[in-house]
Amino acid sequence: MHRYRTHTCGELRKENIDEAVRISGWVHSVRDHGGIIFIDLRDHYGLTQIVIDPSQPFHKGVEHWRAESTICFTGKVVARIPEAVNPKLATGEIEIVAEEMEMLGEAKVLPFQVAKEEECNETLRLEYRFLDLRRESLHNNIILRSKVIARIRELMVAEGFMEMQTPILTSSSPEGARDYLVPSRVHPGKFYALPQAPQQFKQLLMTSGFDRYFQIAPCFRDEDARADRSPGEFYQLDMEMAFATQDDVFEVNEHVLHKIFTEFSDKQVDDIPFKRLPFKEVMEKYGTDKPDLRNPLIMQDATELFRDCDFKAFAGVVDSGGVVKTIAAKGCAGKSRKFFDDMVKFAQSVGSKGLGYLRWNDGEIQSPIAKFLSEETLGQLKELGGVGDGDVMFFIADKLKPTTEIGAAVRDELGKRLGLIDPDVFKFCWIVDFPMYELDDDGKVEFSHNPFSMPQGGMDDLLNKDPLEILAFQYDIVCNGTELSSGAVRNHNPELMIKAFGIAGYDESVVETKFPALHRAFQYGAPPHAGIAPGIDRIIMLLADEPNIREVISFPMNQKAQDLLMNAPGHVEHHQLRDLHLKVHLPKKVEKEIEDQSEPEGGTTD
RNA sequence: GGGGGUGUAGCUCAAUUGGUUAGAGCGCCAGCCUGUCACGCUGGAGGUUGCGAGUUCGAGUCUCGUCACUCUCGCCA
C-alpha cells in the first residue's frame with residue numbers, strides 16, 4: 001500500500017466498496033457525536049467522509065484535531081445507509097471506516113476559516129496566502145488558470161506557432177512604463193532591466209526567420225496597481241507572425257479566444273469574426289476606446305441643435321467651441337424623481353457641471369430644460385434619439401474631451417442602473433484605425449501608441465498628411481469593456497521608421513541609440529510582421545467572473561507592490577550592496593522611520 | 001502625489017441623537033451527545049473600538065492629525 005494514499009479524496013465511489021484504502025488530506029470539518037465521529041477529509045480533488053468508531057484507539061484524541069491539519073487514514077470503504085447518502089458530494093455514496101490514522105501535519109488555530117467562503121481582510125489573506133489558496137473559490141480560479149494556459153498552448157501550437165523564451169534580464173527600454181532595474185555586479189554602475197514586454201525580442205525573432213512565435217510571457221512594469229492591473233508583474237499571451245496582415249492576426253486570435261471563452265465559460269460568446277470598430281467611431285459613440293458592448297446605449301452629437309437656443313448654459317458652451325452629447329435611454333421615463341436626481345449627482349461626481357434630460361412621460365415632457373427649447377428643436381431631438389413616449393434623453397455639454405469622458409461614465413452608470421448589461425454574455429470587438437500621432441500636453445506631436453506601428457498609408461502618408469490624420473495599423477481587442485490587448489502591424493522598413501520617428505521629433509540617432517537591435521536588424525531583410533499580446537490575467541478574470549485581478553493570481557502583491565508573505569521588497573545585507581557597487585540614498589522621511597524602528601532594539605541593553 | 005471608502009473580539013459584522021457594564025454569528029476553550037455532513041446542546045474565555053490629540057459632565061459615535069488597507073485619477077510606449 002502506498003505510504004500516503006491509494007486514492008485521492010475525490011475518487012472513491014460505490015464501485016470501491018469493501019476495498020482497503022488509504023487517503024490523506026486536510027481536515028475540512030470534524031463532527032463529534034460523542035461516540036461516532038465524522039471527519040470530512042479534503043484534498044485538491046474533493047472531500048471524503050471518514051467515520052471513526054469509539055472502539056478505535058485513536059478515537060480519544062480526535063476531538064482536539066483542528067481544522068486544516070493534514071492526516072492520513074487507512075480503512076475500509078463502506079456504503080452509506082440510504083438516508084445518509086450526501087448528494088452534494090461526488091463521494092457521497094460511500095465513507096471510509098478508519099482503522100489506522102497518522103497525523104502528518106498539525107495546524108495551529110487558523111487566522112481565518114478555510115472551509116467557509118467568507119469575506120476576509122485582504123492583508124490577512126495575503127499574509128496567509130497558502131491558507132487562502134486552499135479555499136474553494138480561489139483554488140478553483142488557480143485551477144482554471146492552469147487549464148486555460150494549457151489549452152492556449154495547444155491551440156497556439158495547432159495554429160502553427162512555436163513557443164520560445166526571451167530574456168528576463170535585458171536592457172532598459174527608453175519609453176513606456178517605469179522599468180524594474182537589476183544592478184550588474186560585473187559592470188559597476190550598469191543595470192539590466194526586466195522586460196516590460198518581449199516586444200523587441202519577438203520582432204527580432206521574426207527577422208531571424210521564425211514564422212509564428214508565441215510565449216506565455218511574464219512582463220514587468222513598475223506602475224501603480226488597479227483592480228484589473230497587478231503591480232509589478234503580469235502575464236501575456238505574446239505572439240508575433242511574419243508576412244502577416246492585420247487580418248491574419250485577427251483570425252488567429254478569434255480562433256483561440258473564441259474557443260477559450262466558449263470552452264471555459266457558460267456565457268454566450270460572440271460569433272467570429274468579432275466586430276471591428278474604428279477608433280474614431282467608438283470615441284464618438286462610447287466615449288472610450290474600450291467600450292462595453294453589452295451596454296446598448298450610445299452617445300450622439302446634438303451640438304447643432306443647441307446652437308443659439310434659449311438654454312443659455314448649453315448655447316454658451318456651443319458658442320465657445322464646446323459640444324453637446326446626448327444619450328437616449330428607452331423606456332425609463334417612468335423612473336422616480338430620485339433616479340434622475342441621482343443621475344445628475346453622479347454626473348457631477350465625475351466632473352460634469354450638470355446633466356440635462358428630457359422625459360417624455362404620459363404624453364407630456366418633464367424636464368428642467370424643455371421650457372427653453374422650441375417645438376421644432378424638441379422634434380429634431382426626438383428624431384435624433386429615435387425616442388417617443390416613455391423614453392428619456394440625457395444631455396452633457398462641455399468641451400469635447402470632458403464631454404466624452406463624462407458621457408462614457410454616464411453611459412456606464414445608466415447601463416448599470418437600468419439593468420441593461422447582460423451578465424451572461426461575452427461581447428468582443430476589435431478597435432482599429434488608431435491614430436499614429438496625437439498632441440501631448442505641450443501641443444507637441446507624439447506617438448499615440450506604439451512607435452513601432454506601421455502607418456497605414458506608408459511613406460506617402462508620412463510625407464503628405466497632417467500627422468494627426470495619419471492612421472496606424474494599430475488595434476485593440478476588447479471584451480465586455482476590458483482591454484485584453486493592444487497589437488499592431490509593425491513598421492519593418494528602416495526608412496519609414498526613421499521618418500515616423502522624425503515626425504515625432506526624434507532624429508535617426510535616437511532610433512539608433514534607443515533601439516539599436518531593431519535599427520540594425522531591419523537593415524538585413526526584415527519580413528513584414530504583426531502581433532498582439534492578450535493579457536492572461538484579464539482573460540482569467542473574465543472567465544472566473546472576478547472583479548479583482550488578485551483573485552486569479554496565486555501570490556499577488558498588495559496595492560503598494562509588496563509581497564506580504566515573502567516580505568518583498570526587503571532590505572539586503574551590506575555586503576550584497578557592496579558587491580553590486582550600490583549605496584542607498586534614502587529620502588529623509590524613510591531614514592527617520594528606520595531610525596525610529598531600530599532604536600528600541602539597538603539603543604538599549606539590559 | 002491627488003480624491004473617495006473602510007478600520008470595533010482571531011474572522012465577518014452590529015451598537016438609535018454623543019449616554020448604563022461595547023453585542024451577535026463563526027472560530028477558540030471546557031462539558032454533554034453513536035449517523036452527522038455549516039451536526040446539535042450547555043457553559044466559558046476573549047476588546048487600548050488602528051494610533052495620537054481635541055471638544056464635552058460623558059466619545060466606538062463629533063473635530064483635527066496620523067497610520068494601514070482598498071477603489072480611483074495621475075501613470076500603464
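The figures here come from the full heavy-atom set of this structure, side chains too, leaving out hydrogens, waters and symmetry mates.
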Please work out if [X] contacts a base, only the sugar-phosphate, or nothing of the nucleic acid, heavy-atom cut-off 4.0 Å.
X: A:Arg66; value: sugar-phosphate
X: A:Leu124; value: sugar-phosphate
X: A:Arg125; value: nothing
X: A:Asn558; value: sugar-phosphate

Legend entry - Summary of salt bridge (Lys or Arg N to Asp or Glu O under 4.0 Å) pairs that have at least one residue in residues 549-562 of chain A, sequence neighbours excluded: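 Of all non-adjacent pairs touching residues 549-562 of chain A, those that pass salt bridge (Lys or Arg N to Asp or Glu O under 4.0 Å) are A:Glu122-A:Arg550, A:Arg125-A:Glu551.
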Inset, instruction - Only pairs at least two apart or in different chains count here, so list each salt bridge (Lys or Arg N to Asp or Glu O under 4.0 Å) that has a residue in residues 495-510 of chain A. - result: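 Non-adjacent pairs meeting salt bridge (Lys or Arg N to Asp or Glu O under 4.0 Å): zero.
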Inset, instruction - Decide if the gap between the ring center of A:Tyr180 and the ring center of A:Phe220 is smaller than 6.0 angstrom. - result: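 Distance test on ring centres: not under 6.0 Å, no.
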Legend entry - C1' gap between B:rG58 and B:rG18, integer Å: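 Roughly 8 Å separates the two C1' atoms.
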Legend entry - B:rG50 and B:rU70, which share atom name C1', separated by this distance in whole Å: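 Straight-line distance between the two C1' atoms is 15 Å.
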Inset, instruction - Go through B:rC75, B:rC26, B:rC11 for me and flag the one nearest to the A:Cys120 side chain. - result: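 Closest of the options to the side chain of A:Cys120: B:rC11.
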Legend entry - Base-contact (B) and sugar-phosphate-only (S) positions in nucleotides 34-40 of chain B, heavy-atom cut-off under 4.0 Å, - elsewhere: BBBBBB-
Inset, instruction - Could you list the residues that satisfy side chain to side chain contact (heavy atoms under 4.5 Å, CB included) with A:Met497, not counting sequence neighbours? - result: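 Result, side chain to side chain contact (heavy atoms under 4.5 Å, CB included) vs A:Met497: A:Phe452, A:Asn491, A:Phe501, A:Val511, A:Phe522.
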Legend entry - Residues that A:Glu93 engages under side chain to side chain contact (heavy atoms under 4.5 Å, CB included), provided they are two or more places apart: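 A:Glu93 satisfies side chain to side chain contact (heavy atoms under 4.5 Å, CB included) with A:Lys14, A:Val85 only.
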Inset, instruction - List in chain and number order the residues that pass salt bridge (charged side-chain N to carboxylate O under 4.0 Å, His left out) with A:Lys416, two or more places apart in sequence or in another chain; answer none if no residue qualifies. - result: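 Not a single residue meets the salt bridge (charged side-chain N to carboxylate O under 4.0 Å, His left out) criterion with A:Lys416.
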